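Working notes, structure below.
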There are 2 protein chains.
Amino acid sequence: MATTTRDVAREAGVSQSTVSRALNGDPRVAPETRALIQAAAKRLSYLPNSAARSLITQRTDTIGILIGEITNPFYPQLVDVLHDEFTLAGFRTVLLNERADAGRADELFPQLQGRFVDGIVIANAMLGATFVDDFHKQGIPVVLLNRDVDDAHVDRVVSDNTGGGEVAATTLVELGHRRIGLIGGPANASTARDRALGFERGLARAGLEVASRRVGEFTHQSGYQWCLELLREPAPPTAIFAANDVIAFGVLDAAKRMGIRVPEDLSVIGYDDIEMAGWELFGLTTVRQPLSQMAKAAARMLIERIEGRVVREPARLVFPANLMRRQTTTYA
Amino acid sequence: MATTTRDVAREAGVSQSTVSRALNGDPRVAPETRALIQAAAKRLSYLPNSAARSLITQRTDTIGILIGEITNPFYPQLVDVLHDEFTLAGFRTVLLNERADAGRADELFPQLQGRFVDGIVIANAMLGATFVDDFHKQGIPVVLLNRDVDDAHVDRVVSDNTGGGEVAATTLVELGHRRIGLIGGPANASTARDRALGFERGLARAGLEVASRRVGEFTHQSGYQWCLELLREPAPPTAIFAANDVIAFGVLDAAKRMGIRVPEDLSVIGYDDIEMAGWELFGLTTVRQPLSQMAKAAARMLIERIEGRVVREPARLVFPANLMRRQTTTYA
DNA sequence: CTGTTAGCGCTTTCAG
DNA sequence: CTGAAAGCGCTAACAG
């Protein structure tokens, strides 16, 4: 069914290796021979077998991207940039949509192992996940994006999550809020941990503590359900900091459901500044991470590693996080 | 760097082929030998090279999924289901995020060609795209999901787009609307074409025509900009049908921007019923496609083809589209 | 400039 | 039950 270089060679009346050379743009091939071969290849609609090629070249020209839930709009935005950057550099992109908990390594491994990819971007590593180093040991370059893992000797790109959390706290305090709630992300996500940490530190500087706190997934549903709970407390918070924008959307929805006005009765701050945060209906005040820049930086670090242009210690790139003020925050 | 079956063989004191058999669960291998080999493999942290394996087995255990813009939440929802279904069947999943216009075949091909994948789900084919049949000719099974292409001899899964468009029209007419606008999708998307067609037919049955129409991408921005235009007309529509939910979100945003109340001053109907449509802040009335069922059906059809269990004529599966009534529609 | 030759790492006969 | 040997389709020396 599939045609090979042999078939093309026979058709063009040359040797198999000449076909390979001609099709790969080897300058030594005579122009007429090349034309002959290209014509033959076209006639037989030849296409190179990628397995055979990578077997010998030891490269797959493929990058793996590990994300948590593709359904969370945060990831598609990241993937979009990564994809463009890798395509530009001649790599194709494989998306793996898995929850990368510590224990899942065995299930995850076979997917990417066996040199199926030349490098991996991990955007969903959980604290304590050991598989990151495993890749590294296999000699497969890895970069962590938007996540940190203790003791992994790989490149990583993050934003200043503690700083971002602090800014959120300071902002709310300055607006006069005193009863402030926190809806955090999964305990084993470094981002969730650091944002909460910074937030607490910011409140502490004003002599405050988190009035009510809940922890859940980075989902709309989590934000929705926990917010309903907070708002039903005897002394509900006048402001809520959500660990990411999608949680914040859930918070806004819960408030609307309860007939509580934002920002008049409740101020809300999210984190990430995904595109939707700027939509008119949300107008979400949020802590902005420079997503595109971060993704680009991650892609470039990985490509450098793959091409072996650099031999350096693992780096940790930290991008600043700034408050993006919109319509969901106001004076207490 | 990478260990091979040879290394394991040497370590275990057996032949290379026995290692292969043992690791692939060949029942003929003696239990003790197998244990020996497994231990050796573990010690050397051996992992099978996927290129070498597919070269000989002629399979990659990989499925390609072709989508338009991953940033459009419609796709992630589809991908999520597809991914689960394929994983269950033992396939890994490669996501290709490309605009699949007719002319782009050459750029797109090398990505998936060369038997890099065992089968392909195409969820973004544009009318007139010839590459669909090209895959088919290469002997690579293909299924079209949510898209139709004329004269392609492949399986396809769609919803009743004309029927859905008609339902939207009938609903608005019955609510008493007479000046009704349409914000459509790209002209070369079969879904956009069919939904508009059905919508017109529905209006025609009530002796009406589309009062104002605009056409654009399946994006928030398109909905936003065109809606601003429609609302600034001398006699703006009292209802708008958007070709998909994301466009409809743009419409809602534009209305809010203009201080126009939904549904009191403007009724809005979308299409797809993606998860966000049900969020409190949107409460979007929309035409529901059974996305999960459609994705599952597509996955199963493709798997059947790949495993060669069926040899049948290309089928066209049509799922019903129903109105999901929420808060963005009311009487004129 | 082109043909011959040797593998890449694996699965799969074919012997024994 | 295990080893030897062939070969998947390609690239990359090595000759000429």
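To find a chain, count down the sequence lines: A is the first, B the second, and so on, and within it residues start at 1. Since the structure is predicted, the reported quantities are computational estimates derived from the model, not experimental observations.
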Sequence neighbours left out, what passes side chain to side chain donor-acceptor pair (under 3.5 Å) with [X]? Give chain and number order.
X	value
A:R10	none
A:D118	A:T60
A:Q77	none
B:T33	none

For [X], check side chain to side chain contact (heavy atoms under 4.5 Å, CB included) against everything at least two apart and list the hits.
X	result
B:S15	B:S17, B:T18
B:S20	B:N24
A:A187	none
B:L44	B:T3, B:D7, B:V8, B:E11

(message) At 10 degrees resolution, what angle do the end axes of the helix from C:dC1-D:dG16 to C:dG16-D:dC1 form when each is taken over five base pairs?
(response)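 For the helix from C:dC1-D:dG16 to C:dG16-D:dC1, the axes at opposite ends meet at about 40°.
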(message) Going 5' to 3' along DNA chain D, between which two nucleotides do contacts with chain A fall, using a heavy-atom cut-off of 4.0 Å?
(response)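 That gives a stretch of D:dG9 to D:dA13.
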(message) How many whole angstroms separate atom CG of A:D26 from atom P of C:dT2?
(response) 10 Å
(request) Check the distance between C:dC8's C1' and A:R59's CZ and give it to me in whole angstrom. (result) 15 Å
(message) Looking at B:D148, is its backbone amide N or carbonyl O close enough to the side chain of B:R316 to form a donor-acceptor pair, meaning the two atoms are under 3.5 Å apart?
(response) no
(message) Please enumerate all residues that pass salt bridge (charged side-chain N to carboxylate O under 4.0 Å, His left out) together with B:R305, with sequence neighbours excluded.
(response)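 Salt bridge (charged side-chain N to carboxylate O under 4.0 Å, His left out) check on B:R305 returns B:D155.
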Collect all protein-nucleotide pairs involving nucleotides 9-12 of chain C in which both atoms are nitrogen or oxygen and the distance is under 3.5 Å.
residue: C:dG9; atom: N2; partner: B:A52; partner atom: O; Å: 3.4
residue: C:dC10; atom: OP1; partner: B:Y46; partner atom: OH; Å: 2.6
residue: C:dC10; atom: OP1; partner: B:N49; partner atom: N; Å: 3.2
residue: C:dC10; atom: OP2; partner: B:T5; partner atom: N; Å: 2.6
residue: C:dC10; atom: OP2; partner: B:T5; partner atom: OG1; Å: 2.8
residue: C:dT11; atom: OP1; partner: B:N24; partner atom: ND2; Å: 3.1
residue: C:dT11; atom: OP1; partner: B:R53; partner atom: NE; Å: 3.0
residue: C:dT11; atom: OP1; partner: B:R53; partner atom: NH2; Å: 3.1
residue: C:dT11; atom: OP2; partner: B:S20; partner atom: OG; Å: 2.6
residue: C:dT11; atom: OP2; partner: B:N24; partner atom: ND2; Å: 3.2
residue: C:dT11; atom: O4; partner: B:Q16; partner atom: OE1; Å: 3.3

(request) Assign B:S54 to base, sugar-phosphate, or nothing according to its heavy-atom contacts below 4.0 angstrom with the strands shown. (result) nothing
